[in-house]
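Please read the structure below before turning to the comments.
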Amino acid sequence: MKIRFVLGTLALVATAHVASASTNLLNNASFEDPLRFDFADLSNWNGFFGGPSGTFLQAFNDTGATPLSGDKALVTTIRGVAGTTEGFDAFTGHVQVVTGITAGLEYELAVWARTNPLITNGAEYRVEWQNSSGTEISRTNVEIQSLLTAEYQRFAFSSFAPAGATRAAIVVAVQSFVNDGVIAETSVAWDDASFAVVPAPTSLGVLGLGALVAGRRRRSRG
């Protein structure tokens, strides 16, 4: 996770304000519209599943879970079934592909998440940088299972698109490769995701510096 510092308090505030107003490149970012599971439309969220036979797997937005905003939230769940399977080595989540990525630019991925209601396994979100043919170049994956609470929190990180990247696969998921229980029991609600270019701070830094200089001139004249 990066913290960007620029010259002058005014410039720092302005940078934060502009970054938060950047265009969200995700479609169906709040999971309000129907989700896909056939990968026929990569620009929407597409669900994926895997694990031992008998494991309860869920990656839907019509579960009735309390959302952060709107009417729906994405819920991803892995549960072992007593007497059938412990449910370990399973995974489920959703992925959306964003095209038109520019190598060298910095992008921020953010999402709100909470437990729903338990988590004894892994929860993560990531960016998979891809070339024009969809081959992965590199990825940034952040695990948040130890940070989740019963209340929605905003999680975010920024990273630079590597050379050759023209697409980014955005993933939110749970997995039971990380085991903290005698049986898999993990459910996470996700809402209001965003993926956006981080604005360059140069012009804002100059603006902040100019404001500070102007303030000093006014004080010297007084």
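Numbers here simply count residues along the sequence, with the first being 1. This one's a predicted model, so the numbers in the text were calculated from it and none came from an experiment. For the numbers below, each heavy atom of this structure counts, side chains included, while hydrogens, waters and symmetry mates do not.
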| query | When you measure from the side chain of Asp38 to the backbone N and O of Arg36, does any donor-acceptor pair fall under 3.5 Å? | reply | no

Heavy-atom check, side chain of Ser22 versus side chain of Val197, under 4.5 Å
no

Under 3.5 Å, is there a donor-acceptor pair between the side chain of Asp191 and the main chain of Pro67? no

Are Thr166 and Thr99 packed together at the side-chain level, in the sense that at least one heavy-atom pair is separated by less than 4.5 angstrom? no

Fill in: Leu57 with Phe88, same ILVMFWY side-chain cluster at under 4.5 Å
no

Hey, does Ile101 have a side-chain heavy atom less than 4.5 Å from the side chain of Tyr107? yes

Hydrophobic cluster identity match, Tyr152 and Tyr125, side-chain contacts under 4.5 Å: no

query: Transitively linked via ILVMFWY side-chain contacts under 4.5 Å: Trp190 with Phe157?
result: yes

* To do: Report yes if some heavy atom in the side chain of Arg114 is under 4.5 Å from a heavy atom in the side chain of Glu151; otherwise report no.
  => no

Heavy-atom closest pair (Phe39 atom, Gly47 atom, distance to 0.1 Å) is CE1-O, 3.5 Å

Q. Counting N and O atoms only, with roles assigned by atom type, does the side chain of Thr76 sit under 3.5 Å from a partner on the main chain of Gly93, one being a donor and the other an acceptor?
A. no

Less than 4.5 Å apart, side chain to side chain, heavy atoms only: is that true for Leu148 and Phe155? yes

Would you say Ile170 and Val127 make side-chain contact, with heavy atoms under 4.5 Å?
yes

Exercise for review: Evaluate side chain to side chain contact (heavy atoms under 4.5 Å, CB included) for Val174 paired with Asn121, printing each intermediate quantity in order.
Suggested key: CA-CA 8 Å; Val174 292; Asn121 306 109; over 6 Å; no

Checklist line | Ser187 side chain near Val75 side chain, heavy-atom distance below 4.5 Å | finding: yes

Where the side chain of Asn131 meets the backbone of Ile137, is there a donor-acceptor pair that is under 3.5 Å apart? no

Whether the side chain of Asn61 engages the backbone of Ala73 through a donor-acceptor N/O pair (distance < 3.5 Å, no angle test) should be reported. no

Closest non-hydrogen contact found for Ser176 with Ile78 is N-CD1, 3.8 Å

* To do: Say whether, by atom type as modelled, one donor and one acceptor occur between the side chain of Gln96 and the main chain of Asn27 under 3.5 angstrom.
  => yes

Smallest heavy-atom separation, Asp71 atom then Glu32 atom, equals N-OE1, 2.9 Å

Only residue of Phe60, Trp45, Phe48 satisfying ring-ring contact (aromatic ring centres under 6.0 Å, His included) with Phe37 is Phe60

### Task
Establish whether Ile119 and Leu147 are linked, either directly or via other cluster members, by ILVMFWY side-chain heavy-atom contacts under 4.5 Å.
yes

One should read off an interatomic distance between Gln175 CD and Gln145 CD, to the nearest 0.5 angstrom, of 6.5 Å

Test log, rule side chain to side chain contact (heavy atoms under 4.5 Å, CB included), inputs Trp112 and Ser69: CA-CA 10 Å; Trp112 292 78; Ser69 66; over 6 Å; no

Discussion item. Under a plain distance cut-off of 3.5 Å, with no hydrogens placed, do Glu185 and Thr120 share a side-chain donor-acceptor pair?
Written reply: no

inquiry  = With a 4.5 Å cut-off on side-chain heavy atoms, are Asn179 and Glu86 touching?
reply    = no

